[in-house]
Structure formats: structure tokens, C-alpha cells
Peer 1: 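Before I ask anything, let me first share the structure, which is written out below as C-alpha cells.
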Protein chains: 2
Amino acid sequence: MKNFDTVSLSFSGGSHDHKHCVKTALNDAEALCSARGARLTDARKRVLELVWESHHPVGAYDVLSKLSQESGKTAPPTVYRALDFLLEQGLIHRIESLNAYVGCSHPSEEHSGVFLICNNCGCAAEVHDSTIDQAILKKTDSLGFKTDQRMLEVRGTCPDCHSTQ
Amino acid sequence: MKNFDTVSLSFSGGSHDHKHCVKTALNDAEALCSARGARLTDARKRVLELVWESHHPVGAYDVLSKLSQESGKTAPPTVYRALDFLLEQGLIHRIESLNAYVGCSHPSEEHSGVFLICNNCGCAAEVHDSTIDQAILKKTDSLGFKTDQRMLEVRGTCPDCHSTQ
DNA sequence: TTAAATAATGATATGTTATAACATTTACAG
DNA sequence: CTGTAAATGTTATAACATATCATTATTTAA
């Protein structure tokens with residue numbers, strides 16, 4: 001895994017060009033899936049788009065109702081299958097503490113992010129920090145625990161909400 | 001918050017005196033609640049006992065069915081109220097990635113644990129590490145994010161399962 | 001010590017999130 | 001083409017959680 005400390009979206013104040021954001025994500029997704037021989041079908045692509053509609057985590061049933069509106073009756077498995085595919089490909093992340101999903105902004109890297117979730121506005125930022133990664137690794141190693149995945153979610157107030165009050 | 005690095009139960013190989021473990025937890029809980037003027041009623045105490053029955057996270061509906069067996073028909077709110085109380089008092093923790101609950105082994109300290117969850121045997125160990133805490137704090141501070149709570153759950157294979165294969 | 005206030009519990013219904021199981025259609029390699 | 005695997009459709013249900021209102025128990029304070 002590449003050793004990088006980045007912030008995917010660190011609290012833009014709602015002022016970034018989100019359409020561009022989504023377009024980039026979709027292009028990246030196409031390229032990645034193509035390179036891997038994975039099939040980013042229309043249904044999967046549409047779900048990815050819907051997850052990317054904001055930087056707020058989106059619930060499966062939110063996706064479901066939008067899908068139902070635009071394409072007629074849709075059943076839960078349709079959505080969950082697409083979400084599972086996108087998770088497998090690393091194109092989205094699941095926020096366990098919200099039962100919700102967010103787009104991943106650098107899916108080409110294998111990684112475990114840290115999610116900062118604002119209790120006020122609901123936005124979620126994915127950040128990376130090798131110091132945190134190493135601290136966790138050191139601890140699990142010292143206990144002989146072999147890690148498969150890890151989830152680190154921090155709830156609080158984002159700088160935008162904090163300054164605006 | 002006291003600065004401590006401890007392992008609550010680091011993979012005992014299933015060989016510890018669990019009855020003692022539970023008894024201690026219940027005594028501590030009584031003492032704490034008493035000191036705080038919080039009411040550890042029979043119902044709440046029984047739920048705490050049930051959560052402590054193993055070091056595996058226990059689902060709310062597992063608790064519910066045991067309660068129904070021993071006390072006749074019980075409804076979900078009964079269990080969730082007790083779990084909420086126990087969470088508030090820091091007597092149990094919720095494992096978000098499992099929708100399940102585990103007993104807290106040192107409830108008198110205010111703390112955020114790290115949970116190591118074995119995908120093989122299902123056991124969960126709560127560990128603490130100030131290096132991890134500090135790394136996370138440093139990162140969130142640098143981004144101007146004010147933390148309320150955090151969850152860190154690591155899924156993998158515990159040393160017992162790894163050695164036994 | 002009793003009435004009022006507060007906290008806890010009981011009971012019913014329903015909301016929310018997720019998956020099992022099986023049928024059908026689509027993509028694509030041979 | 002056509003057989004196989006992958007994806008999707010469909011129905012039902014499992015699993016997790018809360019809203020609401022009625023009732024009972026406990027504490028507080030007059």
C-alpha cells in the first residue's frame with residue numbers, strides 16, 4: 001500500500017464544483033473496472049452516481065427510492081447487489097455507524113480511510129494518515145492479531161459548522 | 001482521561017474464569033451506579049449479565065429471546081432501553097460493524113477503546129493504546145475537527161484462531 | 001405520610017436495514 | 001449459434017430499531 005497522507009475532501013464549505021467531482025469519480029470508476037475486467041453496468045453506474053450526489057453518506061433505501069422514482073418499482077436486492085459490487089471494487093465506502101455509503105475519492109489505491117462525520121451538517125470526509133495506520137498496525141501486531149479490515153469513524157463537528165455555529 | 005494502555009481481554013484462549021469475570025463486572029456496575037445515583041434495576045442488571053455471558057458481541061434480539069424464555073413475552077423496547085442505559089453508563093460498548101454489544105471491562109474510566117474482532121471465532125477484545133489515541137487526535141486537530149466520539153473496529157483473526165488454524 | 005413529580009416499564013404497532021431463495025435475462029467464450 | 005457464467009428481477013422474510021401511549025414504581029418535598 002502506498003504511503004500517503006491525504007484528505008479527500010476536507011470540508012470544502014460546500015463551495016466546490018461537485019459536478020466535476022462526480023464526473024471524475026465516474027470516469028475513474030469506468031477506467032478501473034475496465035482495467036480489471038469488472039463490469040460497471042448501467043445499474044451499478046447509476047447507483048454509484050446516486051451515492052456521489054453529495055458528500056453526505058447515503059442510505060441504501062435512499063438510493064432505492066430514487067431508483068424507484070426514475071425506473072419504476074425496484075427491489076432492495078437490486079440496490080444491495082450494486083452496493084456490494086461497488087464496495088468490492090473500492091469505489092464506495094460503507095459508514096458502519098450510519099448504515100450508509102459514501103463515494104471513494106481515490107479508488108485506485110488500496111486503503112483504509114478515516115471518516116470524519118459531522119453530527120451537525122452530516123457531511124463525511126475521508127482522510128488518510130500513515131501515523132494512525134502505523135499506530136494501529138503496531139498495536140495489533142504486538143497482540144498477534146492479523147488484520148483483515150479496519151473501520152475508524154470519528155463523529156463530531158466539522159470546521160465549517162464549528163466556525164458558522 | 002487517564003492515560004493508559006491496556007488490554008481488557010487479550011485472547012485468553014477461552015481458558016479464563018469467566019464466572020469471576022462476570023461477577024466482577026456486575027459488582028463494579030453496582031458500585032458505579034450507586035455512586036452516580038443511577039438505578040441499576042433488576043431488568044438492567046439482567047441484561048448486563050446476558051451481554052457478559054461471553055466475550056462475543058451479543059445482538060439485542062439474542063438478549064430479547066433469552067429474556068423472553070426466562071420471563072415470558074418481552075418486547076424489543078425493554079431490551080433497547082436497558083442497552084441504552086448501560087451504554088450511557090459506559091457499562092457496555094456497541095460494536096457498530098456487528099450491531100451488537102459487549103461488556104466493558106473497566107467502566108469506571110472514561111475511554112474510547114479499540115475493538116479487535118475475530119472473523120473466525122467471533123470473539124471481541126477491547127484494547128487501549130495512547131499512541132493510537134494521540135495519532136487520531138493530532139490528525140483531527142490539524143483539520144479543525146472537534147471530536148465527540150470515535151469508533152475503531154478491527155476485523156481479522158485472533159492469535160488463538162491463527163495458531164490453532 | 002401522602003400527593004405530586006419523575007423515572008421506569010409494559011404493550012402495540014411500525015419503521016428501517018438487509019438477505020434468502022428462486023426465476024429470468026443478458027453477455028460472451030468457444 | 002449455444003452453453004455457461006454473470007447479472008438482474010421478484011417475492012418473501014429476517015434482523016435491527018424506535019415511536020407512542022398506558023401503567024406502575026420510586027423519589028421528593030409539602
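The sequence lines fix the lettering, A, B, ..., with proteins before strands; numbering per chain opens at 1. Fair warning: this is a prediction, and the values are worked out from it, not measured in the lab.
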Peer 1: Answer yes or no: is there a donor N or O on one side and an acceptor on the other, between the side chain of B:D62 and the main chain of B:G59, under 3.5 Å?
Peer 2: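 Confirmed, B:D62 side chain pairs with B:G59 backbone.
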
Peer 1: Would a distance-only check, ignoring hydrogens and angles, find a side-chain to backbone donor-acceptor pair under 3.5 Å from A:S54 to A:W52?
Peer 2: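 Here the side-chain-to-backbone pair does not exist.
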
Peer 1: Can you name the closest pair of heavy atoms from A:S112 and A:H128 and give their distance?
Peer 2: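 Result for this residue pair: O-ND1, 3.6 Å.
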
Peer 1: Is the phosphate of C:dT12, meaning OP1 or OP2, less than 4.0 Å from a side-chain N or O of B:K73?
Peer 2: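 Answer yes for this pair, as a side-chain N or O of B:K73 is under 4.0 Å from OP1 or OP2.
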
Peer 1: C:dT6 phosphate, OP1 or OP2: any side-chain N/O from B:R39 under 4.0 angstrom?
Peer 2: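 For B:R39, the contact criterion (side-chain N or O under 4.0 Å from OP1 or OP2 of C:dT6) is not met.
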
Peer 1: Look at the side chain of B:S68 and the backbone N and O of B:L64, then say whether any donor-acceptor pair between them is shorter than 3.5 Å.
Peer 2: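 Yes, because the side chain of B:S68 sits within donor-acceptor range (under 3.5 Å) of the backbone of B:L64.
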
Peer 1: With a cut-off of less than 4.0 Å, is there a side-chain N or O of B:T41 near OP1 or OP2 of C:dT9?
Peer 2: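 Yes.
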
Peer 1: Quick one: do the A:H20 and A:H18 side chains pair a donor with an acceptor below 3.5 Å?
Peer 2: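 Not at all, the side chains of A:H20 and A:H18 share no donor-acceptor pair under 3.5 Å.
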
Peer 1: Taking salt bridge (Lys or Arg N to Asp or Glu O under 4.0 Å) as the cut-off, I'd like each qualifying pair that reaches into residues 149-159 of chain B, sequence neighbours left out, listed once.
Peer 2: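 Counting only pairs at least two positions apart or across chains, the salt bridge (Lys or Arg N to Asp or Glu O under 4.0 Å) contacts touching residues 149-159 of chain B are B:D133-B:R150.
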
Peer 1: Just checking A:D42: does its CG atom have more than 12 heavy atoms from other residues, nucleotides or ligands closer to it than 6.0 angstrom?
Peer 2: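 For A:D42, atom CG is not crowded (no more than 12 foreign heavy atoms under 6.0 Å).
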
Peer 1: Kindly state which residues belonging to residues 75-90 of chain A come within less than 4.0 angstrom of DNA chain C, counting heavy atoms of the residue only, listed by number.
Peer 2: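 Heavy-atom contacts with DNA chain C come from A:P76, A:P77, A:Y80, A:R81.
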
Peer 1: May I ask you to decide if B:G72's main-chain N or O and B:T74's side chain share a donor-acceptor pair within less than 3.5 Å?
Peer 2: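 Confirmed, B:T74 side chain pairs with B:G72 backbone.
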
Peer 1: Nearest-Å distance, CG (A:L64) to C1' (C:dG15)?
Peer 2: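 Computing the A:L64:CG to C:dG15:C1' distance gives 15 Å.
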
Peer 1: Looking at DNA chain C, which of residues 91-103 of chain A put a heavy atom within less than 4.0 Å of it?
Peer 2: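 Close to the strand are A:R94, A:N99, A:Y101.
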
Peer 1: Where do B:H93 and B:F115 land on the ring pair (Phe, Tyr, Trp, His ring centres under 6.0 Å) test, with the steps shown first?
Peer 2: CA-CA 10 Å; B:H93 292 289; B:F115 294 93; 5.1 Å; yes

Peer 1: Determine to 10° how strongly the helix from C:dT1-D:dA30 to C:dG30-D:dC1 is bent, judged from the axes of its five-pair ends.
Peer 2: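 Between the first-five-pair axis and the last-five-pair axis there is 30°.
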
Peer 1: Can you give the first and last nucleotides of DNA chain D, 5' to 3', that have an atom under 4.0 Å from a heavy atom of chain B?
Peer 2: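 Here the contact window of chain B covers D:dC16 to D:dT26.
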
Peer 1: For residues 79-91 of chain B, which side-chain N or O atoms pair as donor and acceptor with protein atoms under 3.5 Å away, sequence neighbours left out?
Peer 2:
{"from": "B:Q89", "atom 1": "OE1", "to": "B:R36", "atom 2": "NH1", "distance (Å)": "2.8"}

Peer 1: Would you say A:L98 and A:V51 are hydrophobically clustered, going by side-chain heavy atoms of ILVMFWY under 4.5 Å?
Peer 2: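 No.
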
Peer 1: Using atom types as modelled and distance alone, determine if a side-chain donor or acceptor of B:H56 lies under 3.5 Å from a backbone N or O of B:C121.
Peer 2: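 Yes: the side chain of B:H56 pairs with the backbone of B:C121.
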
Peer 1: Starting at the 5' end of DNA chain C and moving along, which residue's nearest nucleotide shows up first, B:A43 or A:A60?
Peer 2: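 The residue mapped nearer the 5' terminus is B:A43.
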
Peer 1: Minimum heavy-atom separation for B:T157 and B:H162, please, with both atom names.
Peer 2: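 Looks like CG2-N, 3.8 Å.
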
